[in-house]
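Report on the following structure.
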Amino acid sequence: MTQSKITSQKTIKTKNHDQNYDFDAIVVGSGMSGGYAAKEFCEKGYKTLVLDRGKPIEHGNYETEFKPPWEMQFRGKMHGDEIKENYFIQKKGHGVSDYTKHHFINDQENPYIQEKPYLWTRSSKVGGKSVIWSRQSYRWNKIDFEANKKDGHGIDWPIRYDDVAPWYDYVEPFIGISGSYENLEELPDGKFLPALPMNVAERQVKASVEANFPGRKVIPARVAHLTEPQPIHTALGRGQCQSRNQCGRGCSWGGYYSSVSGALPAAKRTGNLTLTANAQVQEVLYDTKTGKASGVRYLDTVSGEITTVSARVVFMCASTLGTLQILMNSTSDKYPNGIGNTSGMLGHYIMDHVHGAGANGTVPGHLDSYYKGRKPGGVYIPRFQNIKSQQGNYLRGFGYQGGASRATRTTAGRAKQTGIGKSFKEANRIPGNWRFQITSFGEVLPDFNNRVYLHASKKDQWGMPLLVTNVAYGQNEEIMKQEMMDSAVEMLKAAGLKNVKGYNKAMAPGRSIHEMGGACMGRDAKTSYLNQWNQSHDVANLFVTDGAAFSSVSCVNPSITFMALTARAVDYADKQLKAGIL
Ligand SMILES: Cc1cc2nc3c(=O)[nH]c(=O)nc-3n(C[C@H](O)[C@H](O)[C@H](O)COP(=O)(O)OP(=O)(O)OC[C@H]3O[C@@H](n4cnc5c(N)ncnc54)[C@H](O)[C@@H]3O)c2cc1C
């Protein structure tokens, strides 16, 4: 452990809106959920401070965005030594390359302790993982919010789909989600921009799967890409997705949604936003006299200076485990085990999605067909298991993401093609067979024993106690994963694909990068951390609106639901503030 970087302490004395507070609202984290909280508070007229431990980033100035491979040292690949030294965790997840590595944290400098293996993917910049996500965006369905109550695993959600639906309606148009209207109970439609068209091989697989397996659907992936920008997007300078498929580097067009291209500029244009980067929030401060959070203490990771800042309301959006780390480090006589933790539930029920099983194969024919350019989304196969009734020998279900493309020199089937000169170039002009692949994300059962906590003595270089992960999959996940592979193989074979290969890889929890839980919402203050408004049961002006609030995880990608619940929570806080209750 390196030496502490703390150099001095100060207290902000701006008192720029309400004489009793420095800011109306403090939002911790500027990623998917924090960006949205900032936008909502600022648009409602609140002076809002956003604190993020990441480095600053400027939309439109992404350092590797336009670099061709020959300008990169290893054509975009990372050197083995660099992975071993600095990205030994991040590289086990996805999306990390020489083009994108600067958006991910350096593992050497940001340690945590894996009591059981856990892959914790973290971003290094303002905007969080919203800059590097894969943009898949699906609404949860009715049974997702009822599952805990029905099968008895986890805490019953204090809300249902109908509580969230208006907020999906609210955030989707702002983000811009391309998708098709399917009228499926298991995957509710939203407010969509035109869907990305399926290619010929995807259409063939769709037709065969739907004919062979009534009730199963193959639909265009729903992704946060502007297929037809609306005034709400162009007003922020966002434009049409160029289908360059280099999203992880950042996109100057704002063709896909990120906090940096969408919510933060929207917040900034109100004049109410103060955004501070390199600000590691270490503690939410508790005022015994008022029984409320008085503000936060943060450390400037460049200067080492510590600052205390106050606000009427504090929103925690530092990504699930980041938020939990801060809350657990916020101790007082009243809350020795973490602010607002009279239930003892803080840190428990950590979940993500079970991932790493699927299948691929060759789609015969269509060799006279190709596609123009690239496509930032393939297909989605919504959950079809255990919907109307319990069928398999596992609880809950999974969905598939995937797509088809023609093999090239660098993709499966042609990877070993080597050569030099004219004949090599000529050979590479001819694309290979159509390949189709699907991979799945499955719902993990909430388990009280899956938890994170703070190490008693080990700290990071800035003095923050290290997080310890103790999370493991159970038998339900193992059985489900086998089924994910078997069903994928069965569908691709029935669809007439050749050389179908299934896979079921061992993957540590966290690998899906969809971590949730640890400060779960619930009806009872004795058994849950938050109420139905993402509000602490104990500390009324403290809200948690990232994945930490989630009582279960569905099987669909979660970020759109983080944003919907964040907008809903700000709306509630606004009403409480205006009524003088907070
Ligand atoms: C490669 C990849 C692909 C993904 N694909 C998808 C997808 O297709 N669909 C989907 O729904 N999700 C996807 N995700 C997950 C998605 O990015 C996350 O669900 C989402 O970004 C989480 O939002 P958040 O606000 O909780 O956290 P983040 O977006 O990570 O933002 C958290 C912010 O908090 C800051 N922070 C952390 N600790 C502190 C602290 N102590 N003090 C101050 N600030 C702090 C961080 O710097 C960060 O900026 C993907 C993620 C990755 C990495």
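Whatever order the structure lists them in is the order used to number ligands and atoms, beginning at 1. Position 1 is the first residue of the sequence; numbering continues from there.
Between Glu40 and Tyr170, the closest side-chain pair of non-hydrogen atoms falls below 4.5 Å. Under the 4.5 Å side-chain criterion, counting only non-hydrogen atoms from C-beta, Ser559 is not in contact with Tyr257.
Cation-pi contact between Arg222 and Tyr138: absent, since separation from the ring centre below 6.0 Å together with deviation from the ring axis within 45° is not met. Judged by the 6.0 Å and 45° rule, Arg249 forms a cation-pi pair with Tyr99. Geometrically, Lys91 does not engage Phe104 in a cation-pi contact defined by less than 6.0 Å to the ring centre and at most 45° from the axis.
Counting only N and O atoms by type, the side chains of Asp546 and Ser319 include no donor and acceptor under 3.5 Å apart. A side-chain donor from one of Asn531 and Gln535 sits under 3.5 Å from a side-chain acceptor of the other. In the model, Thr545 has a side-chain atom that pairs as donor or acceptor with a side-chain atom of Thr566 under 3.5 Å. If you check the side chains of Tyr380 and Asn557, you find no donor sitting under 3.5 Å from an acceptor.
From the protein, the heavy atom lying nearest to atom 25 (O) of ligand 1 is Ser33 OG, 2.6 Å. Nearest protein heavy-atom neighbour of atom 17 (O) of ligand 1: Lys129 CB, 3.2 Å. Looking only at heavy atoms of the protein, atom 36 (N) of ligand 1 is closest to Arg53 CD, 3.6 Å. The single protein non-hydrogen atom nearest to atom 31 (O) of ligand 1 is Gly31 CA, 3.3 Å, given as residue, atom name and distance. Protein heavy atom in closest approach to atom 49 (O) of ligand 1: Asp52 OD2, 2.6 Å. The shortest contact between atom 51 (C) of ligand 1 and any protein heavy atom is with Ile513 CG2, 3.7 Å. From the protein, the heavy atom lying nearest to atom 50 (C) of ligand 1 is Trp133 CB, 3.7 Å. Here the protein heavy atom with the shortest distance to atom 37 (C) of ligand 1 is Ala318 O, 3.2 Å.
Near Phe562, meaning under 4.0 Å from one of its heavy atoms, ligand 1 places the atoms 19 (O), 22 (C), 23 (O). Ligand 1 places these atoms under 4.0 Å from at least one heavy atom of Gln280: 41 (N), 42 (N). For ligand 1, the atoms lying closer than 4.0 Å to a non-hydrogen atom of Ile326 are 40 (C), 41 (N). Close approach of ligand 1 to Gly54 (heavy-atom distance below 4.0 Å) involves ligand atoms 47 (O). Atom numbering of ligand 1 starts at 1 in the shown order; those under 4.0 Å from a heavy atom of Ile132 are 1 (C), 2 (C), 3 (C). Short contacts between ligand 1 and Asn557, defined as distances under 4.0 Å to a heavy atom of the residue, involve ligand atoms 7 (C), 8 (O), 9 (N), 10 (C), 11 (O). Atom numbering of ligand 1 starts at 1 in the shown order; those under 4.0 Å from a heavy atom of Asp546 are 26 (O). Shown in contact with Lys125 at under 4.0 Å from a heavy atom are these atoms of ligand 1, numbered in order with element: 49 (O).
Considering Glu182, Glu186, Glu172 as possible partners of Arg139, the one that fulfils the salt bridge (charged side-chain N to carboxylate O under 4.0 Å, His left out) test is Glu172.
Residue contacts with ligand 1: Val281 is placed with a nitrogen or oxygen under 3.5 Å of a nitrogen or oxygen of the ligand (distance criterion only). For ligand 1, one of its N or O atoms has an N or O atom of Ser559 under 3.5 Å away. For ligand 1, none of its N or O atoms has an N or O atom of Val28 under 3.5 Å away. Residue-to-ligand polar distances keep Thr320 apart from ligand 1: every N/O pair is separated by 3.5 Å or more. On a distance-only criterion, Met32 and ligand 1 share at least one N/O pair closer than 3.5 Å. Of the polar atoms of Gln136, at least one N or O is found under 3.5 Å from an N or O of ligand 1, judged by distance alone. Between Arg135 and ligand 1, at least one pair of N/O atoms sits closer than 3.5 Å.
When ring centroids are compared, Trp533 and Phe543 stay outside the 6.0 Å threshold.
Ring geometry for His355 against His94 counts as tilted: the plane angle lies between 30° and 60°, on a 0 to 90° scale. By the 30° and 60° cut-offs, the orientation of the rings of Phe145 relative to Tyr161 is tilted.
Under 4.0 Å from ligand 1, the heavy atoms of Leu51 that appear belong solely to its backbone. Contacts between Ser124 and ligand 1, counted as non-hydrogen atom pairs separated by less than 4.0 Å, are absent for every part of the residue.
Within the set Cys247, Ala279, Ser134, Ser512, the minimum heavy-atom distance to atom 4 (C) of ligand 1 is found for Ser134. Residue nearest to atom 27 (O) of ligand 1, selected from Ser319, Ala221, Gly93: Ser319 (by heavy-atom distance).
Using a 4.0 Å cut-off between charged nitrogen and carboxylate oxygen, Glu43 and Lys39 count as a salt-bridge pair. Between Lys125 and Glu63, at least one side-chain N (NZ, or NE/NH1/NH2) sits under 4.0 Å from a carboxylate O, which counts as a salt bridge. Using a 4.0 Å cut-off between a side-chain N of Lys or Arg and a carboxylate O of Asp or Glu, Glu443 and Arg383 qualify as a salt bridge.
Put simply, no part of Gln282 is less than 4.0 Å from ligand 1, judged by heavy atoms.
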